[in-house]
Student: 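Mind having a look at this structure? Questions to follow.
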Amino acid sequence: MDLNNVRTRFAPSPTGRFHFGNANTALFNWLIARRYGGVVVLRMEDTDTERSTKEYERLIIADLEWLGIDWDEGPVKGGEFGPYYQSERGGIYEDYTKKLLESGAAYKCYCTKEELDHAREEARRSGSPDVFNCGCRAMSDDQRIKKESERDAFSVRFMTPKNDRIVLNDLLRGPIEFDTNDIDDFIIARSDGSPTFLLTNAIDDALMKITHVVRGEDHISNTPKQMLVNRTLGLHVPEYLHTAMILGQDRTKLSKRHGAVSVFQFREKGYLPESMVNYLAFLGWNPKDDREFFTIRELAEAFSIEAMSKAPSVFDEARLHYLNAYWMKTIDRSRVVKMWVDYLVERGYVTADEAETKREWIERIVEISAERVKILSDIDEYADFFFKDVESYDEKGAKKHFSKENAADNIALVKTELAAVEPFNHDGIEKMYVRLKEEKGLGANQTIHPVRLALTGKTFGPSLFELMELLGRDVCLARLDRAEKHIRETSAAV
RNA sequence: GCCCUCAUCGUCUAGUGGUUAGGACACCGCUCUUUCAAGGCGGCGGCAGGGGUUCGAGUCCCCUUGGGGGCACCA
């Protein structure tokens, strides 16, 4: 295969949020272009005016940018093969449709949607093994003139040749052969005159000089049709590569009903673009060695078409989660802090002003929590107590640490000690604890675990001494006081 | 129903005729530790089935089975 001067393209239709499958093919297009020193084209396939919106367009672009998948030609960037919005290329499609019609390679179909649905159902019921075609293909000129006078609307169908074979040499899968008798006369222009995907996508790829069309496996059966269109139009036929699909846990095509599937939803959960890209790349490709962490740049270097896999893969969030844990501790800490701040403000843990004035304090919290917060939303689990009062105590923990005979006394003791500790920081508190242990023989079970529970409501978390320092003396004393009262009340009640 | 496609642990995969079938996630132990997490160590677990070809098949061929995709005036 010729991989010089590669031009790949990504052609989303702005009819919804950018989902995993889209991102996966976008990434592979990008990877191929970047790896082999080519060009990436972004083209908006907004011919479905019913469902396409400018807002989705904007969001798709935002998601691509967030992932770090850039493009050389297309919306925002421009380029010499524009316009890159299909809605602005109407004239081009009209011309080619006319050409096809005039040369007899396409014909007008006067059937209505209802008639077709009905006929198709009938054909299927009768077990007709042939591909469905309506009668319009074989109409005589006289019949055609008559129909024309009866009906004003018509769609345009491509006249698929009979008894021919068409071979798709898929870059990943090798030759795939199709019998044209299995291909119907597909519609290239709707009765309102608007062109369909089968036409626009095919001729735009040729006109935009795309050398490699990289798309999902679900397009395989479209490919012979599009090859046919370009061939009869005398247009260039690109190379094709059909990537393996991403499936949900139930092994069907990933869709909304599988829960979170859009890039945006994962972004909101607190996943990093690094992990998304890393994960996405490994769904359909692998480096053939034990390396598992790649930045998008590293991917562009290591990538090769030969190492792509053909089998569909099942989406596994646990794996994404694992990668995110890695990237969370690998990327610049300042970026993590920024993400924390945004999250904290968004969730109302702190106000924007507080986030500003307490920046340093938040940074230190991030520092000691980083190992535990694998995705941003883990903040709710691991670090909420820094920003809000303890509302309840972990049930199991309370049973274990608050129900002991001296529990309240021990907490009271720590409270007293803490009130006097100088300096009130990790080292000072640690010294105090060492002394407690030496003088009174009180260990973790008496003075650490119950105190952690009192201060955080949890049985797990960062180092207690550091956590105390960051909470500050006043907060610690208040929470210990409350816990002490709580224990005395509940034990009195029993 | 028709067409296309895919097939190694639960998941992602390495493997291109000779391997005790390797790694990672997840799961389960142990370890470290003030807890949790992280880390370290270990465990569980797989070539869909049947025929060939071959001295020898996860690897090549055929069939079966199973999975996926497509069969719209969506893209």
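In the text below, chain A, chain B and the rest are named by the order of the sequence lines, each starting its count at 1.
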Student: May I ask you to evaluate whether A:K253 reaches the phosphate of B:G68, defined as a side-chain N or O under 4.0 Å from OP1 or OP2?
Tutor: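 Negative; the distance criterion is not met.
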
Student: Quote, to the nearest angstrom, the C1' distance that separates B:U33 from B:C44.
Tutor: 26 Å

Student: Assess whether a salt bridge exists between A:R291 and A:E298, defined as any Lys/Arg side-chain N lying under 4.0 Å from an Asp/Glu carboxylate O.
Tutor: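 No, this pair does not count.
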
Student: Establish, yes or no, whether the cationic atom of A:K269 lies under 6.0 Å from the six-membered ring centre of A:Y343 and within 45° of the ring axis.
Tutor: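 Not flagged: A:K269 not positioned over aromatic ring of A:Y343.
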
Student: Please classify the nucleic acid contact of A:P462 as base, sugar-phosphate, or nothing, using heavy-atom distances under 4.0 Å.
Tutor: base

Student: Just to be sure I understand the rule, does A:S191 reach a base, reach only the sugar-phosphate, or reach nothing, if contact means heavy atoms closer than 4.0 Å?
Tutor: base

Student: At 4.0 Å (heavy atoms only), tell me whether A:G248 reaches a base, stays on the sugar-phosphate, or touches nothing.
Tutor: nothing

Student: Under 4.0 Å, counting only non-hydrogen atoms across every strand here, what does A:H219 touch: a base, just sugar-phosphate, or nothing?
Tutor: base

Student: Could you give the distance separating B:U59 and B:C9 at their P atoms, to the nearest angstrom?
Tutor: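 These two P atoms come out 14 Å apart once rounded.
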
Student: Can you check whether any acceptor in the base of B:C36 is under 3.5 Å from a donor in the side chain of A:R372, or vice versa?
Tutor: yes

Student: Check every strand shown and say whether A:E371 touches a base, only sugar-phosphate, or nothing at a heavy-atom separation below 4.0 Å.
Tutor: base

Student: How would you label the contact of A:R251 with the nucleic acid (heavy atoms, under 4.0 Å): base, sugar-phosphate, or nothing?
Tutor: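 A:R251: backbone/sugar contact only, no base atoms under 4.0 Å.
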
Student: Should A:K374 be listed as having a side-chain N or O under 4.0 Å from OP1 or OP2 of B:A38?
Tutor: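 Checking B:A38 against A:K374, a side-chain N or O does come within under 4.0 Å of OP1 or OP2.
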
Student: Between B:A7 and B:C32, how far apart are the C1' atoms? Round to whole Å, please.
Tutor: 42 Å

Student: Write down the partner of B:C71 under the Watson-Crick or G-U wobble criteria, each distance required to be under 3.5 Å.
Tutor: B:G1

Student: Would you say A:T47 places a side-chain N or O within less than 4.0 Å of OP1 or OP2 belonging to B:A75?
Tutor: yes

Student: So what does A:C111 touch, heavy atoms closer than 4.0 Å: a base, only the sugar-phosphate, or nothing?
Tutor: base

Student: Determine the Euclidean distance between corresponding P atoms of B:A57 and B:U64; express it in Å to zero decimal places.
Tutor: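 These two P atoms come out 23 Å apart once rounded.
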
Student: Is the gap between the ring centers of A:F266 and A:F315 under 6.0 Å?
Tutor: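 Here the rings of A:F315 and A:F266 have centres that are less than 6.0 Å from each other.
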
Student: Please state the C1' separation for the pair B:G10 and B:C47 - nearest whole angstrom.
Tutor: 16 Å

Student: Within the structure shown, what part of the strands sits under 4.0 Å from A:N222 by heavy-atom distance: base, sugar-phosphate, or nothing?
Tutor: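 Base, at least one base atom sits under 4.0 Å.
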
Student: Counting distance alone, no hydrogens or angles: does the base of B:U35 have a donor or acceptor under 3.5 Å from a partner atom on the side chain of A:T459?
Tutor: no

Student: Counting only side-chain nitrogens and oxygens, does A:R215 get under 4.0 Å of the OP1 or OP2 atom of B:A75?
Tutor: no

Student: Watson-Crick or G-U wobble partner for B:C47, using a 3.5 Å limit on both distances?
Tutor: none

Student: For B:A37, take OP1 and OP2 only and decide whether either is under 4.0 Å from a side-chain N or O of A:S369.
Tutor: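 Checking B:A37 against A:S369, no side-chain N or O comes under 4.0 Å of OP1 or OP2.
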
Student: Determine the contact category for A:T200: base if any of its heavy atoms lies under 4.0 Å from a base atom, sugar-phosphate if only primed atoms, P, OP1 or OP2 are that close, otherwise nothing.
Tutor: nothing

Student: Looking at every strand, decide which applies to A:T252 at a 4.0 Å heavy-atom threshold: base, sugar-phosphate, or nothing.
Tutor: sugar-phosphate

Student: If the C1' atom of B:C60 is compared with that of B:A75, how far apart are they to the nearest Å?
Tutor: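 After rounding to an integer number of Å, I get 39 Å for this pair.
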
Student: Within the 4.0 Å heavy-atom criterion, would you say A:I176 contacts the bases, only the backbone, or no part of the nucleic acid?
Tutor: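 Counting heavy atoms under 4.0 Å across all strands, the contact made by A:I176 is with sugar-phosphate only.
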
Student: Contact class for A:K329 vs. all strands (heavy atom < 4.0 Å): base, sugar-phosphate, or nothing?
Tutor: sugar-phosphate

Student: For B:G67 versus B:A72, give the span between their P atoms, rounded off to a whole number of Å.
Tutor: 23 Å

Student: Does A:N201 have a side-chain nitrogen or oxygen under 4.0 Å from the phosphate oxygens OP1 or OP2 of B:A75?
Tutor: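 No, because none of the side-chain N or O atoms of A:N201 sits under 4.0 Å from OP1 or OP2 of B:A75.
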
Student: Please tell me which of the listed nucleotides, B:C73, B:C6, B:U5, lies nearest to the side chain of A:A311?
Tutor: B:C6

Student: Using the C1' atom in both, what is the distance from B:C30 to B:G15, to the nearest Å?
Tutor: 32 Å

Student: Indicate, with yes or no, if the rings of A:Y107 and A:F158 have centres closer together than 6.0 Å.
Tutor: no

Student: So, is the end of the A:R17 side chain (NZ or CZ) under 6.0 Å from the ring centre of A:F264 and within 45° of the ring's axis?
Tutor: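 The answer is yes; both the distance and angle limits are met.
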
Student: If you take the centroid of each ring, where Trp contributes its six-membered ring, are A:F294 and A:W285 closer together than 6.0 Å?
Tutor: yes

Student: Spell out yes or no: do the side chain of A:D117 and the base of B:A72 have one donor N/O and one acceptor N/O closer than 3.5 Å?
Tutor: no

Student: Would you mind reading off the distance between A:E115 atom CD and B:C73 atom P, rounded to a whole angstrom?
Tutor: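 Answer to the nearest Å: 13 Å.
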
Student: Report which part of the nucleic acid A:L464 touches: base, sugar-phosphate, or nothing (heavy-atom distance under 4.0 Å, all strands).
Tutor: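 Base contact.
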
Student: Mind checking whether A:Y393 and A:H486 have ring centres under 6.0 Å apart?
Tutor: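 Close enough - the centres of the two rings lie under 6.0 Å apart.
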
